[in-house]
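One structure below.
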Amino acid sequence: MGDPLDLSDSEDYGGHDDHHGDYSQRMEELFDDADDDSKDDGDDELTDEEEGFLYTGMDAEDSSVGYRQQLRDVLEQNEDEEYKLNADEVERSLALDSDARASVDDEEKLLQRDDSNSLLHYSSGTTSIPPSRVTSPGIQSLKLYRPFLDHTVSRLRSYTPQPSISPVNKAVTPSSHFTIASPSPSQFSSMSRLSSSSNPRNIQSDQFHEPVHSIDRDVFKWTDLSAITQEMYPKSSAKASSVLGTSSAGLPTVLAANGLLCVGTEQGKIYVYDFKQTLRAVCGSDLTAKHGSVTSIALSDDHTCIASGHMTGHIHLYDLKKPNSPFRSVPPVTLSAVSSGRKEGHLEGSCIVNIGFIAGRHTAIVSADEKGLAFFHSLGKLLFVEAPDILRILGRYPDSSLSQKPPPRHLPPLVQNDGLEQGPNVRANRYTILAMAPLPLGTPNPTDAYDLVALLTPTKLVVVGLRPTPKTWFKFPRDPSEGTSRFGCKGVLAWFPSISRSTSSKLPEASQAEKQKGWPSESSVAPMLAFTWGTSLRLVRVLESKIMGQAKNVKPSGIEMEVGTIIYELVRKWIMEDDIISVQWLNVNQIVVVTSTTLGVYDITLCRLVEQVDFDGMSLSPSNRSTATNASARADAIHVVSHRVRAYKGKIFLLASDGLQVGTLLTWADRILALVQAGDFLKAIDLTRAYYAGEAPGNRNGLPDDPDLRKEVIGEKMKSLMNASTLWIFSEDRMVGETHRTPDGRGVDRTSLFEALVTICCRACIALSDFEFLFEDLFQKYDDAGITTIYLHRLEPFVLDNEIRHVPPRITQRLIHLHEEDGQPEHVERIIWHMDPSCLDLNQAIRLCQKYHLYDALIYIYIRALQDYVAPVVELLGLVRRVQQYEKARTKSFEEQGSILDDYTIEPTTANAYKVYPYLANILSGLIYPSEEPLSTLDAVQAKVDVYTFIFFGRSNVWPPGENGQLVLTSDEEGGPEPTYPYARQLLRFDSESFLHSLDIAFEDAFLNEESRNINRLIIVRILLEILASGDLPPKDVTFVNIFIARNVPKYPQFLQVAPSVLHAILVSLAQDPDSRTREDRQLAVEYLLSVYNPHESDRFVALFEAAGFYRILRSWYRQERRWPQLLSTYFDDPQFPTSDILEKANEVLSLSCRSNKSCVPTGLAGTISDTLPKLLRASIRGTAIVLEEYLPQLHQQALDSLKLTDDGHQSQFEYLNRLLGPLGGNDEDSTTHHRNGKSDNLENLRQLFIALQCQLHPEGVIELLQYLPSEKLDWTQVFQTCEANEVLDAAVWTTNKIGGPREALVQAGSYQQRLTLQIAQALVESSLRNTQHSLEILQAVGRMGTAICLEHSQGPSTTEVSSEDLWFLLLSRQIQTVQLLADSQPSKNWDSQCMTRNDLEYALSSTRSLVQETFGALVSITSTRAVSFPRLFKRLVNSAPTSMGNHYTEFRIVLGGMLDSYRSDGDMLVMTKHLVDGDLFDIIAAHQRERDRGWSPQRGICSTCRKPCLPIWGDFP
C-alpha cells in the first residue's frame, strides 16, 4: 500500500537535496543544546532514508541525532498535555505513500526556487540635504540673515503660544537635514545575487521595511490520502471489487473521522480505514445496497459500531467485527401505519440527513430526515427479542388529516415548531431540520447525565434531553434579521465536549453559573455548542444549574430538594461575510469555518479569525451530479458539504469530489521550520522575532499567552537561529561552495547577504534587549572576514534611530573613523550625539568636533560626558562675538568704500552661533541638546543653576573656573569696555527675539518658582529692564523685550510683581512704536498686559491706541463704555477686519445701541451709518437692505442713490429692492418679507421703481411680482404704463384684466397681436430679421396670457356680462388672423445672402400655428361646460374669417389636422404604456407563482426591507 504517511508536526516538509550549499542541511549549530531525552518515541519509526543530513565539518560537534529531530527540539512547542498526546496518537498512525511524498518534495522544491527570486532593492538616492546658501544682503540691509527663528513659531508674535517646548533645535541642527529610518528584515533568500550599496545614506525606509504580515505564508499543510483515494474513486474501484469480492463502491458521499475514517458511498456501503490508510472493513451487502446511498454516518465513541442513514429512510447499525450485515436495522414506515398509531419513525422515501450515537451506547441513536422529523431510537432487546422503542422528538407528519388527531399518548413530540419560518424565503414544509447532533462524550461532566441532543431549525436552536425523561430544556430563537439569503436559511452546528479544566491554561473563563456553584478548579469545563444561521456564528456554553424543586418519582412526594436543570450562556457572536456551510472544532479554542469561498480558523479567545485562505467550499459536493440526482433533489446542498468536512484532534479531513485530503494547521514552529528548509533563514529569524514581540500574524498555537513565558520559549530559539545562520554564512564550505558559483564561472556577489544578516540580527537583538551576540560574535565574524564596513553601515541606522544607544567603544571608534576617512563629518556628528557617551572615545570625538566644527556633537560631549553645561555657552558666545565683529567690519566697509564683504565665509559661523538659542531652550527646560531627551533630576537642576548664573552674571566671568580659566569677553573691539550683564546683553543684541523666545520656554519650568534661589523670573525681568534702561538696544529689541514682559506678567502674576509705573511705561512704548510689521504682536502684548493693569489716563491711551491701530483693544474699550459710533468706526477703519463680517458687526452694534436707547438708533450712530453706507453696500447689498429696513428705513433712498452711481447701478438697485420688497425677501430661506410691516414712508415710490427695474431686467417675472405685491398699494394705471413702455405686453394685458375685466384685456391683447403681427409681416416682406424673434416671443406670451384669462373666466364663476364663448372667439379670431396674415406675407425677390430665407417664414408660421393649437387644446379641455359650445364657436370662427386673405379654410385645416395628430400620438403612447405595464405585471405574478410552487411564501406579509406588514394580519396560521 506504500510507505506510511507521517502527518506529525515533526515531519519532513520537503525532500532532501544533495546540494552542499543548501542551508537547510547545514544547520547543526541550531541544535548543539538539544536534549536527546526529549525525543519523541514516534521518531523510532523513521527509516535511515528519512534521517537528515549531519554536518561533519571541523567545527561540528559529535551528535547522532537526526536533523529534523534537532530542529524540532529547537522549535519544540509547549502545548497542552492532553491535546498533544491526542495529536501524537493521530500523527503516529497516519501514513504517506511514495506518490504523496514525491508530490510534497516537488512542491517544496518549487517554493524554494520561488524564494530564490526574491531580491532586495536599495534606493540610490541620498537623504542628506546640504544647507542652503544665505543670500548676501543688498544695499538697504546690512544685517546678516537670521536662520534660527521664524515669526510663525516665535512666542513673541501674535500667533497662539505653544504650551510645551518647541523643538527649536530642529531648524539648525544638521540632524534635521538627515533622515534615515530603522532597517527592517530583508526580503531575499539565501540564493539572492543582488548586491546593494553599503552606504546607509542610500537606504530608503519605505523600501527597506517589510511588515511581517506581508510575508507570504502557508496556513495549512494538505496531504492527499492517495491510498484511500485510489480505492474509493472510480479509477480504482475495480481493484477494490476484485480484492473484496464486492460490487463497485460508487462515489463517496459522507465522511466520519473520529478514531477511524468511515466513508459512505452511493452504493449504500461504508468503507472503514485506519489512519494508516489500511482498509479495516466494508459495512453492508448487496441487500443493504438496495436501500440507497449513504446520506449520513456516525461512529460510536469506542470506535466499534457504525450507524448509517440512507436515502430511502433506512437506518442500519454495524458491528465492525461482523460488518457484512447490520446487527440492528430500522426500516421506514408508511403513513397508514403512522395514522393507525401502530408505528412511529421515518416515512418511506425520507432521506436521513443526520444520525448520531447517544453517549457511549451502541443501540441508542438519534436521527433526522429531510422532512423535518427527528427521532430517538432505543434498539435494545427484551428476552433476546428485539424491542425497539422510537420516540419522535421534533416535527409533524405531512398528512394534514393526521395533524388534526392527537399523537399517541406514549409517543409525544418533544418539540413543536410553532409559527411559520422567519425570513423572506422559507420552505413550504415548516418543520425543517438544518442540523442535529448529540452531545459527545468527554471528561465527566454533570451534563452527561441528560443525553443532550441539539437540533437546529430555521427559527430556533432546540436542546432536548433524553434522560431521565425526554424533555426540551431550552430554545434559542433566531433574530429574523439575520441568517437569511436568497437561497433561504442555512445552518450547521457542532459540539465540543467537556474537558478537564486543568488540561490547558487557555481554556475559556468559567461561566457565571459555574462560579456561583463554586465548582473546584479541577472540575471539568461545560461543553460548548457552535451553531450558525447564514453568516452568523454563535457559541453557547451548556451547563447544569441546581435549583430548589420537587423531584419526580421520589417518595415521599412533595419534598423540595435540589433539582438539576440545563441552561445556556451565550459566549460569542460573530458575523462572516458569506454563508457558513460547515463548522468543526479544531481544538478547544479554535473552530474551522467553511464558506463557499473561504476556509478559516476562528479563535474564540481572541474573538476573530486568526487564519483564512481562499477555498471553494462547494467543490466538496459530488461533482458527478447525474449519479447523485436523488440525493441532490432530496437533501439540501449544505447537508452534503457539512457531512464531507470533519476535524479530529487537530486534523482537518476533506472528502472532496476527487479525493480524500487531510490538513494540519501550521504552528509557529512549522512556519519557521518551513522557512529554514526553504533556505530563507533571514525570514526565519525575523518571523521568530515577530513571534517574540507578539507581532506575527495568524495563529499562535503552541505558544503561551503570557508574554514573559512566550519570550522565554522563543528567546533561546532566536539566539540559536542567529548563531547557526552566522556560522553557516561564514563557513568554509559555503564560502567556496556552489552558492558562490554561476554556470559562466564569474561568481556571485554576496554583499546583500552579509548586509541583511546584520540588519536582521540588529532587529532581533533589539527585541531581546541582549546585544552580546551582535557586538561580540557577529562583529568578530565580519572583522575576521575583512568586511567590517558592511557591518558598520548596517548598524548605523539603528544608532541614528535611537534603537541602539550602547555600542562598545571599539566598534564606535571604527564607525567614526569610517566616516572620517570618507570625508563625511556630518555623519560623525550625528553618530556622536546619538550614542551613549560611555561608548565614545572622548579624545577621538573632541578632536573631530574641533577639527570639523561639529558643535552639536561637541555640546553633547560637554553635557553628557563632562557634565559641563556652561562650556557650550562660552563656545557659542565666542562665535556670536565673531559674527558681531564681522557685521561691524561689514558696515564700516560699506560706509567707507561703498562695497560689501563676502558673506559666504561667515555663513557657517553664523549658523553655529545661532545654536546658542536652542541650546538654552533645551538646557533650561531640563533637556539634552540636541536630542531633547530629559536629563536626570539632579543633572537638570545643576545645569539650570550653572547656565542661569553664567548668563545673568553682572560682569564678565572666567571660564572654566580656576587658574587655567580665561575671561569671556563680549566687546566688539579687542580690549573694549565690557557692559553690565554682558552675556545677556550680547544675546539680546545678536537676536533679541530668539533669546526671549528661549526664555519664554524656560519660564514654564517649575525651577523658577522657588523665590529662595539666586535666580527667578522676577530677577530676570529686572535684569532685562536694567538693560533697557541703558539705552544701547535698538528700537526693535526694545519692543521685543517689552512684548516679553507684557505677555509674561499676566501668566505668572504670583511671581512677577512689577511696579505699575513700569507697566505704564511698557504700554506707552508698545503703543508708540511706529513699526507696522509688529502691530499685531504689540497689540496682543498690550491685551495681555491690560488684563492685569488698568491705566488711569484712559483718554490718552485711547488716542495712543487709535494712532497705533490697536482696533481690537479699542473695540473692547468702546463696547464697555457704550460709545457706539466709535465702536462701529473701528470695524470700518481696521484694514485687517474681514469685509464679509462688517455687516454682521454693524447689525450687532445697532441692536446693542437700540437696547440702551429706548429702541431708537442714536443720532451719532445714524450719522456714522450714513457716512459709511457705501462700505456697507460693498460688503453686502442684500444684507444692507435688511439692516436699514430694521433700524434706519429713512436711508433707503440714499442707499439707492449710492448704488445708482456704481458700474451696474440698475442691477444693484434691483437686487436691493428685491431683497426689500420681492417675494420671500429675494428667495432667501431664512428671510422674511419686510414690506408688509415696513417702516418707510416712501415705499410706494420704491415699489414703482422696483416694478420698472423688474420690467427692464427680468420681464419674465413681472406678473409674479404684481401678484405678490399688495394691490391696494399700487397705482395700477402707472403700472400699466410702465409695463407697456418696457414692452412687457403680457403683463400689460394681465394688468388690464385686473383693472378693466377680461373683455377689455382680450381687446387690448388683440391690438397688441395685430401690431406685433404687422411688425413681423413687415420684417418678412423686407427680409429684415431685426426684432423678429423678439416680436414672436412677445406675441406668444400675449397669446398665452389671453388663453389664461379665458380659462380663468370659463372655469370660475362669471363676474362679468360677457359670455365665455365670446371671449374665446375674440382670442381665437385674432390668433387665426395672425396666422393668415403671416401666411400671405411673401419675402421680397431682391435679397442677398444675409436676408431671410424660406425657413424663417416657416418658423414664424409654425410658432403661430402651435400657439393656435395650444389655445384650441385649452378650449377642448373645458368644452364639457355649458358656457362654451365648441361646434358653434368653430362655426363662428370659420364664418368670421375674411375671404380677402386667400383660401381662409387652409389654416383651419392645418390647425385641426395638427390637433388630431397630437391626440392620435397621445393615444398611441397610452396604448404602449398599458401594454408595458400589463407585461411587467404578468411577469411579476408569474415569478411569484413559481416561487409559491417551489414552496416559498412571504412571511406573514411582512416587507423584508422596512419590516412592516404588507397587508392586514388576520391571525396566525395553525
Side-chain angles (χ1 to χ4, degrees), residues 158 1046-1047 1049-1050 1053 1060 1063-1064 1066-1068 1070-1072 1079-1080 1082-1180 1182-1196 1198-1199 1202 1232 1234 1237-1240:
S158 57
R1047 294 184 64 165
V1049 166
L1063 300 180
H1064 187 277
I1066 291 175
L1067 279 179
V1068 174
L1070 290 174
Q1072 291 180 344
R1079 178 188 295 115
E1080 285 303 314
R1082 290 183 284 113
Q1083 181 175 205
L1084 181 61
V1086 170
E1087 287 178 312
Y1088 270 83
L1089 194 53
L1090 288 175
S1091 65
V1092 295
Y1093 172 67
N1094 186 18
H1096 298 292
E1097 301 175 351
S1098 59
D1099 294 337
R1100 179 193 175 193
F1101 277 102
V1102 167
L1104 287 175
F1105 293 159
E1106 288 178 350
F1110 293 171
Y1111 296 107
R1112 195 165 56 247
I1113 300 175
L1114 290 173
R1115 282 193 285 270
S1116 176
W1117 209 315
Y1118 292 148
R1119 185 185 298 270
Q1120 185 177 359
E1121 296 184 357
R1122 298 188 177 185
R1123 299 167 64 175
W1124 309 119
Q1126 292 82 355
L1127 174 60
L1128 183 61
S1129 297
T1130 59
Y1131 294 111
F1132 293 104
D1133 297 338
D1134 189 354
Q1136 296 184 351
F1137 191 81
T1139 304
S1140 57
D1141 297 338
I1142 288 179
L1143 195 63
E1144 178 184 354
K1145 294 302 180 181
N1147 184 63
E1148 180 183 350
V1149 172
L1150 288 168
S1151 176
L1152 293 174
S1153 66
C1154 290
R1155 294 177 188 175
S1156 61
N1157 197 38
K1158 299 181 179 180
S1159 301
C1160 295
V1161 178
T1163 304
L1165 183 58
T1168 303
I1169 292 291
S1170 177
D1171 296 338
T1172 58
L1173 196 55
K1175 295 183 179 179
L1176 283 176
L1177 291 171
R1178 282 195 296 270
S1180 174
R1182 302 165 68 86
T1184 304
I1186 298 174
V1187 172
L1188 293 184
E1189 179 63 17
E1190 180 68 24
Y1191 300 105
L1192 298 169
Q1194 64 272 19
L1195 297 181
H1196 283 318
Q1198 181 182 347
S1202 179
T1232 58
H1234 299 281
N1237 297 319
K1239 303 176 182 180
S1240 302

Please step through side-chain contact (heavy atoms from CB on, under 4.5 Å) for the pair I1142 and K1175, ending with a clear verdict.
-> CA-CA 9 Å; I1142 288 179; K1175 295 183 179 179; 5.9 Å; no
Non-hydrogen atoms of S1153 and L1150 that approach each other most closely | OG-O, 2.8 Å
R1119 bridged to E1148 by N-O distance under 4.0 Å = yes
L1173 versus S1170: any side-chain heavy-atom pair under 4.5 Å?
-> no
If you take all heavy atoms of A1085 and A1046, which pair is closest and at what distance?
-> O-CB, 3.6 Å
Run the side-chain contact (heavy atoms from CB on, under 4.5 Å) check on L1089 and R1047 step by step: do they pass?
-> CA-CA 7 Å; L1089 194 53; R1047 294 184 64 165; over 6 Å; no
Would you indicate whether the side-chain heavy atoms of L1176 and F1132 approach each other to under 4.5 Å?
-> yes
Looking only at heavy atoms, what is the nearest atom pair of R1122 and S1156, with distance?
-> NH1-CB, 3.7 Å
On the 0 to 90° scale, with breaks at 30° and 60°, tag the F1110-F1105 ring pair as parallel, tilted or perpendicular.
-> tilted
Sub-4.5 Å side-chain heavy-atom contact between Y1111 and D1133 | yes
Side-chain contact test, heavy atoms from C-beta onward, threshold under 4.5 Å: evaluate it for Y1118 versus L1128 and give yes or no.
-> no
Salt-bridge present (D1134, R1112; N to O < 4.0 Å) = no
Nearest non-hydrogen partners of V1161 and A1166, listed with the distance | CG1-N, 4.0 Å
Does a side-chain heavy-atom distance below 4.5 Å link Q1126 with L1114?
-> no
Answer yes or no: is there a side-chain heavy-atom contact under 4.5 Å between Y1131 and D1141?
-> no
Smallest heavy-atom separation, Y1088 atom then P1050 atom, equals O-CG, 2.9 Å
Go through the steps to decide whether T1130 and F1137 satisfy the test side-chain contact (heavy atoms from CB on, under 4.5 Å), and finish with yes or no.
-> CA-CA 9 Å; T1130 59; F1137 191 81; over 6 Å; no
Do R1100 and V1068 have side chains that get closer than 4.5 Å, going by heavy atoms?
-> yes
Measure from the ring center of F1101 to the ring center of H1064 and say whether it is less than 6.0 Å.
-> yes
Atom of T1168, atom of S1129 and distance for their closest heavy-atom approach | CG2-OG, 3.8 Å
Does the side chain of L1127 come within less than 4.5 Å of R1115's, by heavy atoms?
-> yes
Begin from the C-alpha positions of E1080 and Q1136 and carry the test side-chain contact (heavy atoms from CB on, under 4.5 Å) through to its verdict.
-> CA-CA 10 Å; E1080 285 303 314; Q1136 296 184 351; 2.8 Å; yes
